[in-house]
Amino acid sequence: IGVVLAGVAFGMIWPLVVLIVSELFGTQHIGANYMFYDGFNSAMGSLLISKYIAGYVYDQHIETRKDETTCYGKQCFQMTHLAVVALSIICILTSICLIKSKIAKVAYSQNPVPMNRPLRKRTA
């Protein structure tokens, strides 16, 4: 069930990112903004989690047996999974804060400007 839910979540989030980015930052520079959220985060997250965090946790739990350097048991990657959970919770909280700040800006402004159009310059 976990794999199915993860697949559904992964399949739903990437098409929605395009819409979310265009709503938050407008459509004028949507390509650059989208690539920041899609490309940069995926590359840096993969590098950080798979190379540094997982490697460090695995190396800390290696038991040396007759020239064999292998880790056995759930402790080999348990901290890595907890780190991913913590990062996911941080992501959810920052997303909620971003949405609330965007809603507050639109709700409390006296002259809300649609985010998909640039501001017009006033001529005297």
Side-chain angles (χ1 to χ4, degrees):
I1 290 181
V3 172
V4 172
L5 292 176
V8 169
F10 185 77
M12 288 179 3
I13 191 63
W14 293 117
L16 288 175
V17 169
V18 176
L19 297 173
I20 293 168
V21 167
S22 67
E23 283 294 317
L24 290 174
F25 303 109
T27 57
Q28 186 174 6
H29 301 289
I30 192 166
N33 292 336
Y34 175 73
M35 281 314 297
F36 176 77
Y37 282 98
D38 184 26
F40 178 74
N41 292 334
S42 299
M44 292 309 294
S46 296
L47 178 68
L48 177 71
I49 292 170
S50 67
K51 183 172 173 117
Y52 296 113
I53 294 176
Y56 178 78
V57 171
Y58 187 85
D59 288 342
Q60 295 300 313
H61 292 95
I62 287 177
E63 298 175 10
T64 310
R65 301 179 192 170
K66 299 180 186 177
D67 297 332
E68 184 180 315
T69 55
T70 305
C71 186
Y72 297 100
K74 69 177 184 177
Q75 73 275 7
C76 299
F77 291 104
Q78 185 174 17
M79 287 304 295
T80 304
H81 292 291
L82 293 176
V84 170
V85 168
L87 289 171
S88 297
I89 291 171
I90 290 169
C91 180
I92 290 169
L93 293 176
T94 55
S95 297
I96 291 170
C97 290
L98 183 63
I99 290 169
K100 286 190 178 226
S101 70
K102 180 68 177 172
I103 291 170
K105 283 180 189 175
V106 172
Y108 294 117
S109 68
Q110 292 182 355
N111 188 14
V113 177
M115 294 307 291
N116 58 355
R117 286 188 278 163
L119 295 172
R120 293 183 190 183
K121 293 182 181 178
R122 292 185 183 199
T123 57

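Quantities reported herein were computed from a predicted structural model and do not represent experimental measurements.
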Shared hydrophobic cluster for Val85 and Leu93 (ILVMFWY, side-chain gaps under 4.5 Å):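 In one cluster with Val85: Leu93, yes.
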Joint hydrophobic cluster, Leu19 plus Tyr34, side-chain heavy atoms closer than 4.5 Å: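 Per the 4.5 Å side-chain linkage, Leu19 and Tyr34 are co-clustered.
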Reported NE2-to-CE distance for the pair His61 and Met79, which is rounded to 0.5 angstrom: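 Rounded to the nearest 0.5 Å, the NE2-CE separation comes to 8.0 Å.
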Pairwise distance SG(Cys97) to CD1(Ile92) - rounded to 0.5 angstrom: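 Rounded to the nearest 0.5 Å, the SG-CD1 separation comes to 12.0 Å.
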Heavy-atom closest contact (Ile53 atom, Thr80 atom, distance):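 That closest heavy-atom pairing would be O-OG1, 4.1 Å.
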Closest heavy-atom pair and its distance - Val18, Ile30: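 Result for this residue pair: O-CD1, 3.9 Å.
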Close side-chain approach of Val57 and Phe77, heavy atoms under 4.5 Å: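 Val57 vs Phe77: side chains apart.
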